[in-house]
Amino acid sequence: MTAETKTDLTTVYQVKGMTCGHCEGAVSSEISELPGVSSVTAVAATGRVTVVSAAPLDEEAVRAAVDEAGYELV
């Protein structure tokens, strides 16, 4: 019997323009919709967005999601 091991990938992005909890929620919501994303943690105070995904994400897809939320991927 073999167990399949799954290793999630954690990537930290820098996002410009987040100032509050609403901003964090907007960015998290948009990035969460990308395929393979299992969790998103955005922190307005630092501008850091930590994304856990099953595979590496396309940076342009992340940029588009952040842009859709009204912010800028640095």
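The closest side-chain heavy-atom distance from Ser39 to Val51 is not below 4.5 Å. The side-chain heavy atoms of Tyr71 and Val49, taken from C-beta on, include no pair separated by under 4.5 Å. In this structure the side chain of Thr50 reaches within 4.5 angstrom of the side chain of Thr10, judged on heavy atoms.
How far OG of Ser29 is from CD of Glu68: 10.0 Å, rounded to the nearest 0.5 Å. If you take CG on Leu34 and OG on Ser53, they are separated by 9.0 Å, rounding to the nearest 0.5 Å.
Counting all heavy atoms, side chain and backbone alike, Val40 lies closest to Ser32 at CG2-OG, 3.5 Å. Closest approach of Ile31 to Val37, counting heavy atoms only: O-CG2, 3.6 Å. Annotation for Thr19 and Ala44: closest pair C-CB, 3.8 Å, computed over non-hydrogen atoms. Taking each heavy atom of Val43 and Met18 in turn, the nearest pair found is O-CE, 3.7 Å. Residue Cys23 comes nearest to Gly17 through the heavy atom pair SG-O, 4.3 Å, listed as atom of the first residue, atom of the second, then distance.
Although no hydrogens or angles enter the test, the distance criterion places a donor-acceptor pair under 3.5 Å between the side chain of Gln14 and the main chain of Thr46. Glu72 contributes no side-chain N or O that, together with a main-chain N or O of Lys16, makes up a donor-acceptor pair within less than 3.5 Å. Side-chain N or O atoms of Arg63 include one that pairs as donor or acceptor with a backbone N or O of Leu73 at under 3.5 Å. Formation of a donor-acceptor pair under 3.5 Å by the Ser38 side chain with backbone atoms of Val52 is found in this model.
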